[in-house]
Structure formats: C-alpha cells, structure tokens
Amino acid sequence: MSIAEVVFVLGPPGAGKGTQCTRIKENFGFIHLSAGDLLRAEQKAGSEDGELIANYIKDGKIVPIEITIRLLEKAVVSAGATKVLIDGFPRNKENLDGWEREMVHSGKMNTKFMLYFECAEEECLKRAMGRNQNRADDNLESFKKRITTYISSTVPVMDEFRSRGLLRKVDANGTPDDVWDLTRQLFLVGFVVCILHNKHSVHLQITYRIPRDNRLNQLVHLKKGLRYLRSITSPPQCGQHHFARECGLEFRRGRGGGSWGGVCWSAQLLLYFIVPVFVCKGTSLRQSLSIVVEILILSFDFLKVFNSSAINNLSSSS
Ligand SMILES: Nc1ncnc2c1ncn2[C@@H]1O[C@H](COP(=O)(O)OP(=O)(O)O)[C@@H](O)[C@H]1O
Ligand SMILES: Nc1ccn([C@H]2C[C@H](O)[C@@H](COP(=O)(O)OP(=O)(O)O)O2)c(=O)n1
C-alpha cells in the first residue's frame, strides 16, 4: 500500500476547520480525521482512557500523544486512505514529536503541509458558542482555556511549520463560502495545456495553478525551468505582460528593500496563476512536437515539487 500523504489542519477553536475540511474532503478526495472527534468517540465508547480524555477536554488541555497517535493510526489504516486531512493535530510539540517519531521516521506516513485557518478570537468564540453540538467544552470557561492552550502550545508548532516553508495560511474570518474560495486555491495545483500548431511550429500555452504560499521557492524553481526552456525553444512569449519581465528574471525591488523582501508584489501575484506561452519551432512539426513533449515533462517535474498528486486539470486542443 502507498504511504498516506497527510495535510494537518490547525487554527483556533471555532475557526471553522471542520467546516472547511468537509468541503476539502468532498472536492479533493481526502479523508477527514478530526483528532478531537476521535478522542470524543473514544471517551464515549467507554475505553479505559475515557475519564482521562474527558478531563483533559473539559480543561482545554491536550491529551497525551500515546492515546491520540494510536487513534489516528488506527483510523488511517482502517480507511486505507492515501490522502488524509488531520484536523486539530499536532496541537503541541509533544504531538509533533510523537508524530514524527511514530509515523514519519518509520515510513508510515508523509507530512505534506499544514493548513492554518486564521480567525479573530471574538469571531471564534461566537462560532463555538453557536455550534450546538452539545460539546462539554463549548462554554465560555472551557473556550478561554482552549485559547490559552492554543496560544502557548499550538502556535509554536505552526511557527515550526512556517520555518520549514510548510504553512499555508487562510483568512477564515469571512463567510464559509469566502473561506472556501481561499482554501480551494491551495489544493488546485495543476496546469492546463493548449496546443495550436501549423506546419513547422507549435504554439504552446501552459497555465499553471500553483499554491500561493512559499512563492519564493517556486520562483527559484521556475527560474531554473525557464532558463532551461529558453535554451531549447525560441524565447518564450508571454501571455501576461508582466511575465515577460519575470521570464527575463529581473526582479523589481519592493518598497521594503532587502534581499528576499525585495521580490516585488507583481512577481508574487504572477506565481498564483502563470501563463507562459511558448512558440516551439523545429525543422518539422515532429521536431516541434518533441520540444513540446520536453516542456510538458518539465512542467510535470515543476509541479511535483508542490502537489503532483493534485494535478487535476490537463487538457489539450489542436
Ligand atoms: N466562515 C464561517 N462563518 C460563520 N460560521 C462558521 C464559519 N465556519 C464555520 N462556522 C460555524 O462555526 C461553528 C464552528 O465551526 P467548526 O467547523 O466546528 O470549527 P472548528 O473545527 O475550527 O472548531 C460551526 O457551528 C460552524 O457551522
Ligand atoms: N491533538 C489533539 C486534538 C484535540 N485534543 C482535545 C483537546 C481539545 O481542546 C479538544 C477539542 O478539540 P477539537 O479539535 O475537536 O476542537 P476545537 O478546534 O478546539 O474546537 O480535544 C487533544 O487533546 N489533542
């Protein structure tokens, strides 16, 4: 069986993690595991850890990792899933260390990235109080404790993912539909290809959809790819006027200056949705097409760096 690819989902209590996870599950074929739900179910099933779990949850504290990891592993294995969302985990350093020790280093699962739903505390409180799921911890006193635990224990774990370049932040203050619009973009990775040809040349337009986070790494990768492409094709023409400049790999300095901070906003916007257009000219159509194939292979490689499994949209017309 292939190794499960895991996306963690975090954010303050009541931010709407579960709500968005349901949509991700329906649209992108993930299974959704909520660490909190698994713990609550274990408690209700009357397990020997039941009382301990109940006390931790009421006090807004984080249950010891041995219990949580056992439940998570069992759920992933029994679902036989390869794309897994784990909501509400890792909640503290102990959770993260346990996960890496038991799951990652043992080769059982791969961590893809962490999705972070950022939402104002008052809004979270309002949502949690209106949740109506009869939860023992959806009261003001428990909520305050959960927020305190979130700030002291969970935020450092998110910082760790940020420093690894694996944190994808979503503004979760809007309506569920607004938040979904932002969330889905992070999973839409792929490219659309349009091929037009005549006798000797092939006009190839590739539209990439890549996540907005970690754009600088993408830019570096893209730079390498484009340099290579320019060596095998005529210089790429550009579907978007800005792109010409970016293909030339000149960065305008942002107002902030500095080395990384200086990469300008337009480059960042471009990386969200890139439309390079290549005119592939060979001595024959066959030769032009072989160049096209090479570009496509490179495009796949390019996307592998992000979420190759999510390549979801490949079409061609001629
Ligand atoms: N964007 C949103 N705007 C308003 N209410 C929301 C939003 N997202 C979720 N909710 C509601 O807020 C409550 C908490 O959402 P939930 O997904 O359970 O949060 P979490 O899993 O982060 O604790 C639920 O009643 C849900 O219907
Ligand atoms: N990794 C985890 C996840 C949840 N828990 C416990 C402690 C949390 O306050 C409760 C509820 O978590 P859940 O993710 O369902 O809810 P909120 O995001 O806090 O609304 O479960 C835990 O101990 N360890």
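Remember, it's 1-based here, ligands and their atoms both numbered in the order they're listed.
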| query | Is Pro176 near ligand 1, meaning one of its heavy atoms is under 4.0 Å from it? | reply | yes
| message | What I want to know is whether Glu123 and ligand 1 share at least one N or O pair that is separated by under 3.5 angstrom. | response | no
| remark: Among non-hydrogen protein atoms, atom 23 (O) of ligand 2 lies closest to Val63 N, 2.6 Å
| said: Does the Lys NZ or Arg CZ of Lys169 fall within the cation-pi geometry relative to Tyr116 - under 6.0 Å from the ring centre and within 45° of the axis? | reply: no
| note | Quick look: Arg131 vs ligand 2, heavy-atom contacts under 4.0 Å, and the answer is side chain
| Relative to ligand 2, is Thr149 under 4.0 angstrom through side chain, backbone, both or neither, heavy atoms considered? | neither
| Part of Arg135 with heavy atoms under 4.0 Å of ligand 2, whether side chain, backbone, both or neither | side chain
| query | Quick check: does Pro13 get an N/O under 3.5 Å from an N/O on ligand 1? | reply | no
| field | Non-hydrogen atom of Gly174 closer than 4.0 Å to ligand 1 | value | yes
| Top protein contact for atom 14 (C) of ligand 1, by heavy-atom distance | Arg131 NH1, 3.8 Å
| Contact (N/O only, under 3.5 Å) between Ser34 and ligand 2 | no
| Protein residue, atom and distance nearest to atom 9 (O) of ligand 2, heavy-atom basis | Arg146 CG, 3.7 Å
| query | Any heavy atom of Phe89 sitting closer than 4.0 Å to ligand 2? | reply | yes
| query | Any N/O of Val179 closer than 3.5 Å to an N/O of ligand 1? | reply | no
| Hey, is ligand 2 close enough to Asp37 that some N/O pair sits below 3.5 Å? | no
| With a 4.0 Å cut-off on heavy atoms, is Ala15 touching ligand 1? | yes
| request: Quick one: sort the Trp99 and Phe8 rings into parallel, tilted or perpendicular, breaks at 30° and 60°. | output: perpendicular
| said: Looking only at protein heavy atoms, which one is nearest to atom 15 (O) of ligand 2, and what is the separation? | reply: Arg40 NH2, 2.8 Å
| Hey, does Gln133 come in under 3.5 Å of ligand 1, counting only N/O atoms on both sides? | no
| note | Residue, atom and distance of the protein heavy atom nearest atom 19 (O) of ligand 2 read Arg91 NH2, 3.0 Å
| note | At under 4.0 Å between heavy atoms, what of Asp87 touches ligand 2? The answer is neither
| N or O contact, Ala172 vs ligand 1, cut-off under 3.5 Å | no
| query | So, is Thr19 polar-close to ligand 1, with some N/O to N/O distance under 3.5 Å? | reply | yes
| message | So, regarding Gly88 and ligand 2 (criterion: nitrogen or oxygen to nitrogen or oxygen, under 3.5 Å), is there a contact or not? | response | yes
| Which is closest to atom 12 (O) of ligand 1 by heavy-atom distance: Arg127, Arg146, Met129? | Arg127
